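Here the structure comes first, spelled out in structure tokens, and everything after it is commentary.
We count ligands from 1, going down the list as the structure has it; atoms in each ligand are counted the same way. Fair warning: this is a prediction, and the values are worked out from it, not measured in the lab. We count residues from 1, following the sequence as given.
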Amino acid sequence: MHLRKKGISIAAVAAWCVLQACSSEERLPAKVTFTEHVAPVLYSNCAVCHRPNGGAHFNLITYQDAKKYATGMAYVTKARIMPPWPADPHYTEFVGQRVMSERDIQILDKWVKDGLEEGPANKMPVLPDFPNGSTVGIPDLRIPVKPYFLPANSSDKFLLVKVPFELPEDKYVSLVEFVAGNTNVVHHVNGDMVKYDFDKKKDVYAGEQILDMVEDSTIKQAYEKLGLPNDDGSYPVLQKSVVNYLPGVFGQKYPEGIGGYVLPRKGAFLLNDLHYGFTRDSAVWDSSYINIFYSPVPPKRPVQEFQLGTLGVAPVEPDLILQPNTTKKVSSRFTIANDISVLTVNPHMHLLGKSFKAYALKPDGDTIRLISIPNWDFNWQYFYTFKKMVKIPKGSTIVAEGYYDNTRHNLNNPFSPPRLVKDQNGSMRATDEMFQFIVTYLPYQPGDENISLELNKK
Ligand code: HEC
């Protein structure tokens, strides 16, 4: 306030805060050094991915690492490109969100301006003990994904992968966790569980285990090649979104009594799009696996889900047909018949997506915010878990809105010049488009909105 009286403009006040300090917590050190100020920022915001086997291809751990990338770090953090968290934290907040404080961003910026000094060695913090092999603990069962070979200089791959299993008996499970073997190339996974009736399927291992989605066009053909149908040709039960992975994501356990699965004696995980990034000058093998954590109790409140948009309960309107050199806004609306408690949301678009927003309109006209992604980033499609379940009353309409850019101004456009791109019945090829909004939920019970989902806060 006293600044205003001296006739300093708002902009100048903001600049003042950057240069000096607005309150004691935000005060920046007179001289920023690596060991005292930068390393703590990197260890809490970046090193989970920027470390050996952490998912990013370079490390941000030592003074040498940080010095080499200093300007880039200052830029990507100010632009909020890194750490990757496309959801707008001012719209809604989620468990484990990777959002840097203004002060931390300024530390990286000021370090560049202060001349990249190393600082006293005895101030160097200890690198956190990042988990290996699991982000949760010691699993009860580990099921390997068929190893996959990527030659040198190969481009992105989107694979449909079957991970079959056979157990002595049905098992209650609290968590299914995907662990990337080679985190330099495994980018993301979105997996369901196929549950066979014991007598309807002789051999769960029959059929292919890995298909390249660029080569195999229709989903039905692909399912047949994978040997997914029962022996009589009918289809087994599919439980959706049982296992998901992106670099830096921790396995999400829910409070006891919520979630969990029954793992059937005969089954398979179906990794809908195991996305391998491109390789550089050397070939790599990936041996990923799936960790299973048993539970002593059956799932009391199994997680349910529905999806709006492509292949969902409500259509994309108007159609997702993106003419070259045009932009388009689409939406999908679905009115729910019962009260629900929302656990997670997952917006999904491909390369032409630019922004995404979802909310619920209550019968009384109020809006419940769900998620806003102002700058769509194909690479970071999280399942966002609310800090507390969000109650949506029956009769509410869930609205998802997406904006697409099929012009040459969209730097992610896979075609130059732009071509007609459309929804091909849920084809997962990055060059076809999709518009989906997946909601996982429980039927509402009183008190749900007070249950914290921040269990394994890291
Ligand atoms: C969730 C994982 C994750 C976190 C957390 C993360 N990064 Fe990254 N970062 C990546 C990935 C993946 C890339 C892509 C490049 C690659 O393949 O390694 C990347 C790329 C970068 C780049 C290069 C950008 C470019 O244009 O190529 C910089 C600089 C960077 N990160 C800095 C940071 C900093 C600084 C932090 C912390 C404040 C951070 N990152 C946090 C995963 C992460």
Side-chain angles (χ1 to χ4, degrees), residues 32 34 37-87 89 94-113 116 125 127-128 130-132 135 150 152-157 177-189 244-252 274-282 284 286 346 351 373 375 377-385 411-412 456-458:
V32 173
F34 177 75
H37 314 109
V38 173
V41 170
L42 300 186
Y43 289 7
S44 56
N45 292 286
C46 323
V48 63
C49 301
H50 290 276
R51 66 181 161 109
N53 226 10
H57 76 267
F58 62 94
N59 299 337
L60 292 176
I61 294 174
T62 64
Y63 173 60
Q64 298 308 331
D65 297 336
K67 201 173 160 190
K68 187 166 160 202
Y69 291 99
T71 330
M73 295 196 310
Y75 171 75
V76 295
T77 49
K78 254 193 287 182
R80 294 201 181 268
I81 297 166
M82 284 283 144
W85 190 261
F94 298 96
V95 174
Q97 60 184 29
R98 299 193 188 283
V99 180
M100 267 173 109
S101 70
E102 271 307 319
R103 183 183 186 276
D104 284 356
I105 293 173
Q106 287 165 29
I107 291 277
L108 298 184
D109 190 52
K110 193 163 185 292
W111 188 48
V112 177
K113 292 179 178 143
L116 307 176
L127 188 67
F130 291 112
N132 248 337
T135 61
L150 292 140
N153 302 309
S154 68
S155 56
D156 284 46
K157 297 245 174 258
E177 179 192 33
F178 179 91
V179 181
N182 188 327
T183 52
N184 291 329
V185 288
V186 179
H187 202 279
H188 77 253
V189 168
N244 297 293
Y245 170 84
L246 270 178
V249 166
F250 287 90
Q252 176 70 42
L274 174 52
H275 175 189
Y276 285 110
F278 57 89
T279 58
R280 294 159 202 273
D281 21 345
S282 46
V284 288
D286 174 54
N346 170 243
L351 294 160
I373 298 184
N375 295 300
D377 186 339
F378 177 72
N379 289 313
W380 299 102
Q381 309 205 23
Y382 296 109
F383 270 77
Y384 293 91
T385 302
L411 300 177
N412 295 319
N456 42 5
K457 207 169 161 184
K458 287 254 158 74

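- Between H50 and L42, the closest side-chain pair of non-hydrogen atoms is not below 4.5 Å.
- Counting heavy atoms from C-beta outward, N244 and H188 have side chains that stay 4.5 Å or more apart.
- Using a 4.5 Å heavy-atom threshold, the side chains of Y276 and V185 count as touching.
- Remark: of the listed residues F250, Y245, F130, F250 is the sole one forming a side-chain contact (heavy atoms from CB on, under 4.5 Å) with T135.
- To the nearest 0.5 Å, the span separating OH on Y382 from CG on L246 amounts to 6.0 Å.
- For residues 74-86, the side chain to side chain donor-acceptor pair (under 3.5 Å) pairs, not counting sequence neighbours, are K78-D109, R80-E102.
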Could you give the N/O to N/O pairs under 3.5 Å linking ligand 1 and the protein, each with its distance?
residue, atom, partner, partner atom, Å
ligand 1, 7 (N), H50, NE2, 2.8
ligand 1, 9 (N), H50, NE2, 2.9
ligand 1, 17 (O), H57, ND1, 3.2
ligand 1, 18 (O), H57, N, 2.5
ligand 1, 18 (O), H57, ND1, 2.6
ligand 1, 31 (N), H50, NE2, 2.9
ligand 1, 40 (N), H50, NE2, 2.8

